[in-house]
Each structure stands twice: as structure tokens, then as C-alpha cells.
Amino acid sequence: MLGVSRERINVRLDNIQSAIEKKSNNESLSQKSLNKIKSIANSQFNLKTGVSESIFSSAHHSKIMNRTGVPELISHLRGIRGIESNRFMTEQVNTWIRNASNLLGKDVDTGREGQVIGEGSKGKVYKVDDFVVKKTTIQNLSKSSHEVKMCNEYNGKEVAFIINSGMKMPFIDGGKSDRSDTLKGVVDLYNKGFMIGDATPDNFLKLENGDVVPVDFGLVFKYSDLDNIAHKTKVDIVHDYIKGGHKYIPNDLKSEYVSCIKKLSESLGSQSPEYSVNVRDLMRSGLYKLYK
């Protein structure tokens with residue numbers, strides 16, 4: 001069994017630095033010790049329980065945090081001494097710093113938000129460490145929840161999460177996709193059970209191995225589960241497909257896409273975007289037969 005320090009953490013007397021330094025020789029942390037560290041952090045930096053869980057246990061919550069306390073915690077974690085020779089504890093502290101930084105969605109060294117890598121009508125996209133943080137200017141929990149859900153279902157595991165003002169998901173390092181790449185990405189999505197209302201090159205990246213993957217799941221949906229798409233998301237899917245998303249759908253999949261988009265449109269009734277677009281757009285999208 002790996003060695004563990006016998007020096008016990010005292011929740012009432014220790015601060016975050018002394019508590020962690022007491023474990024400077026550890027090669028593991030018991031749940032009891034971790035709980036004590038979280039309790040000290042909550043008290044010292046006025047954190048909410050959900051926030052400390054996100055930082056110290058990598059359990060993701062959407063609760064609003066103390067935006068003063070979290071940077072102070074990061075500063076103290078970076079100042080921890082006496083663990084440099086212990087790889088395990090050094091990695092633990094570095095992980096806690098990354099988790100706290102990702103929660104903030106900003107560069108805690110400069111106080112500025114992370115690197116902007118995208119911007120649209122609904123908000124900005126930032127790169128923070130190994131994550132992408134999407135902040136929305138229009139609060140819409142159902143839309144953010146939909147995107148997070150689709151990202152997680154596509155990846156087959158929980159990799160994306162709701163945060164205070166939007167969401168965060170893993171950063172993908174890839175190159176821009178051209179038309180042929182985008183068509184391939186749409187086919188790959190379909191083979192996994194998904195469609196996308198706004199199929200454009202901007203919403204896909206090409207990886208070094210040649211794979212093309214989606215990076216925006218806002219209008220991705222499962223074609224076997226149309227009934228459980230939120231109303232506003234349905235509106236956006238139909239609208240964006242008619243206005244241009246159809247241009248990047250391979251011929252072999254167009255009939256399937258038209259069938260699904262038609263079902264979504266019909267479920268919206270008089271609120272469907274089909275009533276606010278011109279006939280030319282409807283003809284180009286393949287939906288004009290709705291009026292026949």
C-alpha cells in the first residue's frame with residue numbers, strides 16, 4: 001500500500017495551505033481527507049458546496065459561485081509549498097487549479113476572459129485550458145441544455161456541462177472543414193443517429209486522422225427522438241435548415257432530412273418558420289411540396 005501521511009487535517013485550525021501541506025508525502029487521498037479540504041475551502045473562501053465539489057471532486061454543478069472567492073482559492077493553491085517532490089499531490093493541486101479556472105471561464109492570471117475563438121449573434125466562445133466555454137448573451141437554459149445533451153450523447157459520455165452563463169465542453173484541435181469535409185461530417189453524424197439543422201463548414205472540424213467531427217451541437221438532434229426536442233430548438237432547426245443548412249446535405253440523405261424537417265415543421269403548426277420565409281427558399285430546401 002502506498003504511503004500516506006498520518007498528520008491529520010484539523011478543519012477548525014488549518015487553512016487550505018496547511019491542510020494540503022500536511023499531505024505532502026501522500027500517494028493517495030482518502031475521502032475523509034478530501035472532505036476536510038473541501039470544508040476548509042468552503043469556509044476560507046466562502047464557496048458554495050456545489051462549487052467545491054466541482055473543483056475538488058470534478059463533479060460538475062451549475063450553481064452560481066463566489067467570483068471573488070474562486071480566484072482567491074486559485075491564488076492560494078498556486079502558492080502551496082512543500083509538495084514539489086510529490087508527483088501525486090502536485091498533480092492533484094494542478095487539477096484543482098484547472099477545475100477552478102474552467103468554472104470561471106476566464107484567464108485568472110490576467111482577470112480577462114479566455115481566448116475568444118468564435119463569436120456569433122448569441123454570444124462568444126472562449127478557449128480556457130482544455131475546454132471551450134460558450135457564454136450566451138440571451139439566457140436560454142433549454143437551448144443550452146439541448147446542446148449539452150446532444151454533445152454528451154454523441155460522445156457516449158458526459159463531457160459537456162451547463163455553467164453559470166452558458167456551457168462548457170472539451171476543446172477539439174482541428175483544421176477548418178471545406179464542403180467535402182462537411183458532407184462527410186453530416187454522413188458520419190447520420191450514421192450515429194443524428195442530424196443537424198445548420199450544417200455548415202463552421203460547425204465541423206477536420207482532425208489529423210481525417211475524421212470530421214461536429215463542434216456545435218446547438219441544432220444537432222436525434223432523428224429517432226423528434227418529439228422530445230424543445231419548441232424553440234425546433235423553430236431554430238427548421239429555420240436554419242430552410243435558410244441554408246440544406247446546402248450541405250448529401251443527396252443520399254436529402255429525402256430523410258426533408259422527412260424529419262417536415263415533421264418538425266408540422267409539429268410547430270402556425271409557428272413554423274415555413275410561414276415567414278419566401279417560396280424560393282422553400283423550393284431550394286425541398287420543403288415546397290408542403291404547399292402542393
Side-chain angles (χ1 to χ4, degrees), residues 117-118 120-122 125 132 134 143-157 159-160 167 169-230 232-268 272-274 277 280-290:
I117 59 174
S121 59
K122 298 182 180 67
V125 181
V132 167
K134 293 188 175 185
K143 293 181 67 174
S144 295
S145 297
H146 174 84
E147 183 164 2
V148 166
K149 179 182 178 182
M150 289 300 102
C151 180
N152 289 337
E153 292 194 12
Y154 172 82
N155 285 280
K157 56 184 178 180
V159 296
M167 70 202 77
M169 54 188 64
F171 172 75
I172 298 176
D173 191 7
K176 292 184 178 180
S177 64
D178 57 21
R179 178 175 177 81
S180 62
D181 295 329
T182 305
L183 293 173
K184 180 180 184 302
V186 170
V187 172
D188 290 344
L189 260 180
Y190 182 82
N191 290 337
K192 291 185 177 183
F194 300 88
M195 290 182 173
I196 180 170
D198 56 344
T200 67
D202 288 341
N203 292 332
F204 291 88
L205 283 179
K206 186 175 183 178
L207 307 184
E208 287 188 4
N209 63 4
D211 290 344
V212 181
V213 297
V215 291
D216 189 326
F217 291 85
L219 299 187
V220 170
F221 60 98
K222 296 185 73 173
Y223 50 77
S224 62
D225 193 25
L226 301 181
D227 292 337
N228 289 318
I229 303 174
K232 184 63 171 66
T233 302
K234 285 184 181 180
V235 171
D236 290 342
I237 290 171
V238 174
H239 176 272
D240 283 30
Y241 182 82
I242 293 174
K243 297 301 289 186
H246 63 87
K247 297 177 182 178
Y248 291 92
I249 306 303
N251 290 331
D252 291 345
L253 294 181
K254 283 187 176 178
S255 61
E256 286 85 354
Y257 260 83
V258 168
S259 176
C260 285
I261 298 298
K262 181 193 297 186
K263 290 177 182 178
L264 293 177
S265 179
E266 291 174 343
S267 72
L268 293 170
S272 172
E274 69 179 77
V277 299
R280 180 178 296 178
D281 286 335
L282 285 172
M283 291 179 64
R284 290 172 175 171
S285 69
L287 297 180
Y288 182 64
K289 57 187 176 182
L290 290 174

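Note that the structure is predicted; figures quoted are calculated from it, not measured. Below, all heavy atoms of this structure are taken into account, side chains as well, without hydrogens, waters or symmetry copies.
- Across Cys260 and Phe221, no two heavy atoms sit closer than the pair CB-CE1, 4.4 Å.
- Scanning both residues, Gly245 and Ile249, for their nearest heavy atoms gives O-CG1, 3.7 Å.
- Listed for the His246 side chain is no donor-acceptor partner under 3.5 Å among the backbone atoms of Ala199.
- Counting all heavy atoms, side chain and backbone alike, Pro214 lies closest to Ile172 at O-CD1, 4.4 Å.
- Residues Val238 and Pro273 approach most closely at CG1-CD, 3.8 Å, considering heavy atoms.
- Among residues at least two apart or in separate chains, salt bridge (Lys or Arg N to Asp or Glu O under 4.0 Å) pairs with a member in residues 215-228 are Lys134-Asp216, Glu153-Lys222.
- The shortest side-chain heavy-atom distance between Phe194 and Met150 falls under the 4.5 Å cut-off.
- Under the rule for a salt bridge (charged side-chain N to carboxylate O under 4.0 Å, His left out), the partners of Asp188 that lie at least two apart in sequence or sit in another chain are Lys184.
- For Val148 against Ala160, the heavy-atom pair with the smallest separation is CG1-O, 3.4 Å.
- Side-chain contact between Lys143 and Thr233: present, with at least one pair of heavy atoms (C-beta onward) separated by less than 4.5 Å.
- Residues Ser267 and Leu226 form no side-chain contact, since every pair of their non-hydrogen atoms from C-beta on lies 4.5 Å or further apart.
- Considering CD1 of Ile229 and CD1 of Ile237, their distance stands at 4.5 Å, rounded to 0.5 Å.
- In terms of modelled atom types and a separation under 3.5 Å, the side chain of Ser285 and the main chain of Asp281 share a donor-acceptor contact.
- A distance of 14.5 Å separates OG of Ser144 from NZ of Lys149, quoted to the nearest 0.5 Å.
- Using a 4.5 Å heavy-atom cutoff, the side chains of Leu207 and Val212 are not in contact.
- Taking the six-membered ring where the residue is Trp, Tyr257 and Tyr241 present parallel rings, their angle staying beneath 30° rather than reaching 60°.
- Between Tyr154 and Leu189 the shortest side-chain heavy-atom distance falls below 4.5 Å.
- Atom CD in Glu266 sits 9.5 Å away from atom CG in Leu264 (nearest 0.5 Å).
- Across every non-hydrogen atom of Gly218 and His146, the tightest pair is O-CD2, 3.2 Å.
- Among residues at least two apart or in separate chains, salt bridge (Lys or Arg N to Asp or Glu O under 4.0 Å) pairs with a member in residues 190-208 are Asp181-Lys206.
- Note that CZ of Arg284 is 7.0 Å distant from NZ of Lys247, once rounded to the nearest 0.5 Å.
- Rounded to the nearest 0.5 Å, atoms CD (Glu147) and CG (Asn152) are 10.5 Å apart.
- With contacts defined as side-chain heavy-atom distances shorter than 4.5 Å, the pair Thr200/Thr182 does not qualify.
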For Asp252 and Tyr190, what are the C-alpha separation, side-chain angles and deciding distance, and is it a side-chain contact (heavy atoms from CB on, under 4.5 Å)? CA-CA 11 Å; Asp252 291 345; Tyr190 182 82; over 6 Å; no

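- Looking at Asn203 and Tyr248, their side chains never come closer than 4.5 Å, going by heavy atoms from C-beta outward.
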